[in-house]
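Each remark here refers to the structure printed beneath this line.
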Number of protein chains: 2
Amino acid sequence: MITLTERQSLILKAIVRDYTEGGNPVGSKSLVQELPVKVSSATIRNEMARLEDLGLIVKTHLSSGRIPSIKGYRYYVDHILKPEKVDGQDLKVIQHSLGGEFHKIDEIVAQSADILSQLTSYTTFTLRPELKDSRLSGFRLVPLGNHQVMAILVTNNGDVENQTFTIPNDLSGDELEPVVRFIDDQLIGLPLQDVLRKLQKEIPLKLAKYLQDPKGFLDIFGSVLSKAASERFYVGGKLNLFNYTNQQNPRELQSLYSLLDQTDNLANVIGPPGQHIQVRIGNEITNDLLKDYSLITATYDVDQHGKGMIAILGPTAMPYSRMIGLMGAFQQELARKLLDYYRYFDE
Amino acid sequence: MITLTERQSLILKAIVRDYTEGGNPVGSKSLVQELPVKVSSATIRNEMARLEDLGLIVKTHLSSGRIPSIKGYRYYVDHILKPEKVDGQDLKVIQHSLGGEFHKIDEIVAQSADILSQLTSYTTFTLRPELKDSRLSGFRLVPLGNHQVMAILVTNNGDVENQTFTIPNDLSGDELEPVVRFIDDQLIGLPLQDVLRKLQKEIPLKLAKYLQDPKGFLDIFGSVLSKAASERFYVGGKLNLFNYTNQQNPRELQSLYSLLDQTDNLANVIGPPGQHIQVRIGNEITNDLLKDYSLITATYDVDQHGKGMIAILGPTAMPYSRMIGLMGAFQQELARKLLDYYRYFDE
DNA sequence: ATTAGCACTCTTATTATTAGAGTGCTAATA
DNA sequence: TATTAGCACTCTAATAATAAGAGTGCTAAT
């Protein structure tokens with residue numbers, strides 16, 4: 001367990017701030033002018049040598065200024081940083097952007113990723129509240145003519161998922177009725193997870209009474225059901241990658257783009273909802289592609305509707321204090337907006 | 001009007017090929033070995049000087065080899081190039097990728113952009129067949145409970161567009177029936193364009209008979225209608241931008257990404273369906289961001305269902321002959337697949 | 001009309017050179 | 001004992017010098 005003196009702590013803090021803002025290694029002379037303590041550059045050099053022994057700062061070459069190490073950022077985030085109070089202007093942007101009228105949870109969540117990326121100039125991810133408590137509250141099959149049927153699935157949270165299918169013969173409402181009634185009787189009110197499970201087991205057997213060929217229908221139902229039960233990440237500010245990634249290596253940028261395009265991979269990167277706000281720096285992120293970046297993740301809580309996540313991906317040299325302040329505010333605003341939205345469907 | 005001798009033509013062709021494949025300016029000595037004509041490098045230098053006078057090739061500096069100019073590519077494409085017969089392997093890829101079962105036109109068209117970008121390693125655009133002849137063939141309002149209604153619009157081509165709306169009060173089917181009936185009576189069978197027009201004029205008045213507050217409904221209907229009537233470009237191989245753009249200038253890459261993300265801008269870039277296959281090189285493209293690239297566009301024809309477009313964006317130094325061959329094959333395969341698909345709804 | 005020969009140009013890679021920023025260490029100081 | 005001034009030393013980044021190689025245009029001979 002590392003403990004720093006007051007002065008060492010001030011120096012580390014100044015190094016983190018300077019490097020984060022300017023992007024250049026920080027030398028003892030420039031620190032003299034900024035520190036609230038009046039000491040000479042030689043003293044600062046001595047202190048810096050100690051911070052380096054502790055592994056909190058490193059040199060880029062033998063006689064260069066210092067930059068924070070992963071460990072240094074870690075110490076800064078854990079012991080020094082105070083979340084910055086969020087800017088009034090920023091708060092307005094958030095509230096205004098979330099203030100509009102939305103017709104889907106996913107619209108709100110996707111919009112959130114965009115707002116956050118705009119405010120931070122980094123790349124952001126959002127995940128809607130977990131679906132594990134969602135229950136099936138309605139299922140419809142709407143014949144559209146032209147050999148087409150639309151399957152619509154509704155949950156108690158107001159989520160709607162639909163898909164159109166092409167079928168060999170036109171169906172009339174009459175033929176579909178017993179099937180829909182079967183679903184209504186047997187499955188309405190159950191958690192989606194349970195429905196998914198039953199779909200593997202009992203349903204096929206029972207359904208055989210109503211339909212001579214349940215296969216086609218089961219495909220349709222399963223398809224729209226798993227669509228509704230799947231977790232989707234939204235990504236905002238992909239273009240911002242150009243601003244903070246290493247410009248010398250276009251391949252890396254390309255790989256990152258590719259990673260962010262495959263949203264089903266993101267669950268592994270960002271991990272399950274955990275602590276309130278978590279900061280992972282450099283190689284603390286499990287994904288190798290991100291070992292030179294930092295990831296701030298936060299869980300937001302929408303009461304009985306479950307928990308969702310928001311995350312910011314940026315360089316290790318990030319203004320953590322501002323970011324964490326922003327995360328806190330966003331968490332709240334998003335949770336509030338969603339509670340508001342859900343209220344409709346709880347009545 | 002430029003006319004080249006046989007030998008000059010051979011030289012230009014060789015320069016285009018070499019530069020396209022190798023990416024380096026082409027000198028007289030390397031040409032000696034490749035040309036089917038037996039002449040010395042001095043002779044070739046003389047001919048090259050003439051081609052340069054004509055503006056077909058240029059030097060990158062005073063004593064460098066030559067590269068084709070825009071004008072040179074133009075001449076090559078117009079007078080020298082022969083479309084390359086498409087590779088059997090490639091044809092298989094196309095047919096296999098389009099062979100699956102699709103439930104929407106847009107899926108086929110989006111998939112097409114991906115296949116084509118995969119085959120070319122460039123960036124591609126696809127536009128579905130024009131909707132101008134699409135007619136409204138069905139309209140449904142499905143109450144979902146929870147203050148939600150889904151509006152579904154179907155066209156005679158089997159296109160389905162839907163949108164979910166949140167409304168203040170729950171509606172029963174009974175209340176919606178007269179409205180849907182009104183749509184059925186008055187609008188079914190009309191081209192979408194006409195419906196859109198009527199929506200601005202007569203409909204609001206007539207509808208007032210059935211609903212005390214037609215505003216909300218008109219918004220819903222208008223929204224899903226314009227969604228159905230809008231043209232959407234699909235973009236494939238955005239990541240390929242990394243392969244063929246100028247790596248020295250990340251800003252440019254970022255701007256291009258940004259351009260391709262705003263798919264509503266693409267209509268201006270690509271233009272309306274025109275000639276069979278059109279090649280635009282460098283500044284022949286109206287968009288300034290693309291003045292160092294080439295764009296090959298092609299129109300595909302699905303008979304009475306209208307015309308759509310496919311396009312390839314790549315560097316000016318492109319293997320035009322292969323690309324044009326590929327375009328031809330793709331045009332055919334896509335048109336065939338779509339005809340096949342539409343056949344369902346024509347019956 | 002073609003070609004061999006040659007001086008000339010320009011690029012690219014390699015090597016020197018230099019100014020500047022920063023360090024660590026020693027010895028003096030409070 | 002903690003701090004500081006002073007200085008030799010290291011490394012980067014920018015600039016300049018040099019050389020090899022590829023290619024050209026032009027002239028004079030074929």
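Naming convention: chains lettered A, B, ... in sequence-line order (proteins, then strands); numbering from 1 in each chain. Values reported hereafter were calculated over all heavy atoms of this structure, with side chains retained and with hydrogens, waters and symmetry mates removed. Please read these numbers as outputs of a predicted model, since none were measured by experiment.
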Whole-Å distance separating the [atom1] atom of [X] from the [atom2] atom of [N]:
| X | N | atom1 | atom2 | value |
| --- | --- | --- | --- | --- |
| B:L51 | D:dT24 | CG | P | 12 Å |
| A:L31 | C:dA21 | CG | C1' | 14 Å |
| B:K59 | C:dT11 | NZ | C1' | 15 Å |
| A:R45 | D:dT10 | CZ | C1' | 14 Å |
| A:M48 | D:dT3 | CE | C1' | 17 Å |
| A:I11 | C:dT23 | CD1 | P | 11 Å |
| B:L62 | C:dT9 | CG | P | 8 Å |

Can you name the residues that form a side-chain contact (heavy atoms from CB on, under 4.5 Å) with A:D292, not counting sequence neighbours? none
For the residue pair A:Y122 and A:Y244, categorise the inter-ring angle as parallel (less than 30°), tilted (30 to 60°) or perpendicular (more than 60°). perpendicular
Could you check B:N46 against B:S63 and say which one's nearest nucleotide on DNA chain D is further toward the 5' end?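 Final value for this comparison: B:S63.
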When Watson-Crick pairs (N1 to N3 and N6-O4 or O6-N4) and G-U wobble pairs (N1-O2 and O6-N3) count only below 3.5 Å on both distances, what is the dot-bracket string of DNA chain D, with | for other-strand pairs? ||||||||||||||||||||||||||||||
Write down the atom of B:P68, the atom of B:V16, and the distance for their closest heavy-atom approach. CG-CG2, 3.8 Å
Which heavy atom in B:I285 sits nearest to a heavy atom in B:L290, and how many Å separate them?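 Minimum heavy-atom separation between B:I285 and B:L290: CD1-O, 3.6 Å.
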Considering only NZ, NE, NH1 and NH2 on the basic side and carboxylate oxygens on the acidic side, decide whether A:R322 and A:D87 come within less than 4.0 Å. no
Could you check whether B:S28 gets within reach of a base, just the sugar-phosphate, or nothing at all, counting any heavy atom under 4.0 Å? sugar-phosphate
Donor-acceptor pairs under 3.5 Å, side chain of residues 30-43 of chain B to any protein atom, not counting sequence neighbours: which ones?
residue, atom, partner, partner atom, Å
B:S30, OG, B:G27, O, 3.1
B:S40, OG, B:A42, N, 3.3
B:S40, OG, B:T43, N, 3.4
B:S40, OG, B:T43, OG1, 3.3
B:S41, OG, B:R45, NH1, 3.3

Using heavy atoms to find the nearest nucleotide of DNA chain C for B:S41 and B:H61 separately, return the residue whose nucleotide is more 5′. B:S41
